[in-house]
A.B. asks: 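Following this message is one structure expressed as structure tokens.
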Amino acid sequence: MRQPRSAVRLIGALAAGTLAAGLMVGCSSKNQVPSIGYATDATIATYNGASSLGASSGSSAVFSRVLTGFFYTGPDGQQVADTDFGTAKEVPGESQTIQYRLNPDGVYSDGVPTSCDDLVLAWAARSGRYTKPGDRGPVPLFDAASTSGYDAIERVDCQPGSRDATVVFRPGRRYLPWRNLFAAGELMPAHVAAQVANVPNVVSALQTGDPNALGRIAEFWNTGWTIPADGRLDLSRFPSSGPYRIESFGSEDGLVLVANERWWGNKPATGRIVVWPKTFDLKKKVGDNAVGVLDVGAHSVKDLNLNGFSVQTLPGRGAEQLTLSTGGVFASVEARRAFALCLPRQTLFDKLGKVPDAPKAGLGSGPLNAHILQQDSLLYPAVIGASNKYSGGDVANATRAVAASGAPNPTVRIGYAGPDDRRAQTVTMIAEACKPAGITVVDAAAPDFTPARLTEGKVDAVLGSTASAPGPAGSIGGVAATSALRTGNGLNFGRYGNGRYDAITDQLGADDSSAAQLNLLTEAENLLWAELPSIPLFATPRTIAFGKGLRNGIAAPNQAGTGWNMDRWVLER
């Protein structure tokens, strides 16, 4: 008999030595708490984790046990198969081909069976092939976070309503990290989009190519799953394919997730999870004893008292970085270079990025010197040579670069989702370091900040983690990091574009030989350090805490967040 997914992943994570909290012995005198509060610095903006808003706000850290997929991000940042949802396997053929089979018991919380229609919608939205006329040429119909991998797919063979799909990649194209496709938090209910868009189903709409039908589907995909701050949700648009479903969302009660009665896998261990996102006063929620699990950026919440919690601060898979505009004050590479030269990268790491008991090598061991590769990669030491000139605080060369840029006395507005005490300190330190070079730095944080303000020209840089996310971010595969600098991708908020970089990323996804990876990554990092669309600082440190009596909590300092296995949490007091 196959062990359930939840048991397998829990046993595996514990065996690997991942942080586990509150393993209780002799709990007969304790009672299980029926509801657990989960505090996270993700923001809840949309149900759709595949959209640029969803990916950059942290939807997958909140909804990965509400919207399941063929794979999920495990606690170490790796992709793990979710056989409760379905199976996926690569099969032989001239072109790369993946066969997907959905669990025959799978059904959304509204009673509609899961089907391959969901894969077709995901591919349509993220392939980049569906466009509309724009002022400067065709623009994507769908506001997708990324097209990586999906743009290499030739077709998705699917009979509407079927449990089976065959995904065939384009001749000559391969996508090695295909397990990142059709994953948890990103596979949306196609039947809802079809119903609201008034089309028979998304498969037929794509087959006929009706531009009006496609336009309506795209409009709903882009905005129809947005979660308004006032919490007025039409819950018929938010069915669940996981162990939890949304019950309500409000400015006072948070996001309330309850057990999905139609879930076909193991019943959640706790029937109710209340998610407190960044927009709430997390310090007060902890003080009010409303939090059982907390996952936030280290030192982001000022004077946070975690007495009574089991606490660990870990280097995250996300890259703390500044994403720069390629227009305005940063239109010239010399202006971006001036800013990079005056940044006190080593000092920022020493004061704000270094975790207790920091390792001597690997993740979190020093300033991050690569844009798309993590510090614990075996190739990392060999590809970071171009970063040497930006070790930090080079006022003399920064001053010369400012003069060369032709923009004297530039002002740089740095935006981020506030309040965030660590990022406020980061901006203050940058301002002090860059002032002698003639660069004025302004803190442009806001509670409702989104990275789209960079695109709109309202700020000049975004301070955030991978892909400008305010909270949980990053994975071993690094797909979001690579995608965020590709021409035209939704996560590319600075609107950087370089055809050679795009070609390199395609090759990285197709050739897994060590020699090819080394050469391509070295070329990519040399290019990115020369053009500076972003400036890496350090591995984003995460503070993860489990309340007394919390069992089965396993820290996940990555894009899935520690809520990756919330359906196994038990709180006994």
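In this chain, residues are counted from 1 in sequence order.
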A.B. asks: Give the C-alpha distance, both sets of side-chain angles, the deciding distance and a yes or no for side-chain hydrogen bond (donor to acceptor under 3.5 Å, both in side chains) between Thr505 and Thr482.
C.D. replies: CA-CA 7 Å; Thr505 59; Thr482 305; over 6 Å; no

A.B. asks: Do Asp506 and Arg173 make a side-chain contact, defined as non-hydrogen atoms from C-beta onward lying under 4.5 Å apart?
C.D. replies: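 SC-SC contact between Asp506 and Arg173 confirmed.
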
A.B. asks: Around atom CD of Gln507, are there more than 12 heavy atoms of other residues, nucleotides or ligands at under 6.0 Å?
C.D. replies: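 Counting neighbours around CD of Gln507, more than 12 heavy atoms of other residues, nucleotides or ligands fall under 6.0 Å, so yes.
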
A.B. asks: With a 4.0 Å cut-off on N to O distance, would you call Asp420 and Arg422 a salt bridge?
C.D. replies: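 Salt bridge between Asp420 and Arg422, a charged N being under 4.0 Å from a carboxylate O: no.
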
A.B. asks: Is the Phe546-Phe309 ring centre distance short of 6.0 angstrom?
C.D. replies: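 They do not qualify: ring centres at least 6.0 Å apart.
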
A.B. asks: Is Ser534 close to Leu485 at the side-chain level, that is, under 4.5 Å between some pair of heavy atoms?
C.D. replies: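 When only atoms from C-beta onward are counted, Ser534 and Leu485 do touch, with a gap below 4.5 Å.
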
A.B. asks: Are Phe71 and Val80 packed together at the side-chain level, in the sense that at least one heavy-atom pair is separated by less than 4.5 angstrom?
C.D. replies: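 No, their side chains stay 4.5 Å or more apart.
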
A.B. asks: Does Pro268 have any side chain to side chain contact (heavy atoms under 4.5 Å, CB included) partners at least two apart in sequence or in another chain, and if so, which?
C.D. replies: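 If we apply the side chain to side chain contact (heavy atoms under 4.5 Å, CB included) test to Pro268, skipping adjacent residues, the hits are Pro243, Tyr244, Ala259, Asp567.
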
A.B. asks: May I have the step-by-step check of side chain to side chain contact (heavy atoms under 4.5 Å, CB included) for Trp221 and Asn48, ending in yes or no?
C.D. replies: CA-CA 8 Å; Trp221 193 91; Asn48 185 356; 3.2 Å; yes

A.B. asks: Would you mind reporting whether Gln96 and Tyr175 have side-chain heavy atoms less than 4.5 Å apart?
C.D. replies: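 Sidechains of Gln96 and Tyr175: in contact.
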
A.B. asks: Decide, yes or no, whether a salt bridge links Glu90 with Arg179 under the criterion of side-chain N to carboxylate O below 4.0 Å.
C.D. replies: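 No.
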
A.B. asks: Evaluate the side-chain proximity of Phe70 to Asp82: yes if any heavy-atom separation is below 4.5 Å, no if none is.
C.D. replies: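 They are not in side-chain contact.
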
A.B. asks: Does a salt bridge link Arg126 with Asp143, judged by any charged N lying under 4.0 Å from a carboxylate O?
C.D. replies: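 Salt bridge between Arg126 and Asp143, a charged N being under 4.0 Å from a carboxylate O: no.
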
A.B. asks: What residues form a side chain to side chain contact (heavy atoms under 4.5 Å, CB included) with Val112, not counting sequence neighbours?
C.D. replies: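 Partners of Val112 by the side chain to side chain contact (heavy atoms under 4.5 Å, CB included) criterion, ordered by chain and then number, come out as Asp110, His191.
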
A.B. asks: Do Phe249 and Val256 come within less than 4.5 Å of each other through their side chains, counting heavy atoms only?
C.D. replies: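 The answer is no; the side chains never approach within 4.5 Å.
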
A.B. asks: Please list, chain by chain and in numerical order, all residues satisfying ring-ring contact (aromatic ring centres under 6.0 Å, His included) with Tyr501, sequence neighbours excluded.
C.D. replies: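 Residues passing ring-ring contact (aromatic ring centres under 6.0 Å, His included) with Tyr501: none at all.
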
A.B. asks: Could Arg163 and Asp105 be called an ion pair, given the rule that one side-chain N must be under 4.0 Å from one carboxylate O?
C.D. replies: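 Salt bridge between Arg163 and Asp105, a charged N being under 4.0 Å from a carboxylate O: no.
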
A.B. asks: Ring centroid separation for Phe220 and Trp225, is it under 6.0 angstrom?
C.D. replies: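 Yes, the ring centres sit under 6.0 Å apart.
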
A.B. asks: Side chains of Leu181 and Trp123, heavy atoms from C-beta outward: is any pair under 4.5 Å?
C.D. replies: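 No, side chains not in contact.
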
A.B. asks: So do Leu294 and Lys285 actually touch side chain to side chain, heavy atoms under 4.5 Å?
C.D. replies: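 Side-chain contact under 4.5 Å: no.
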
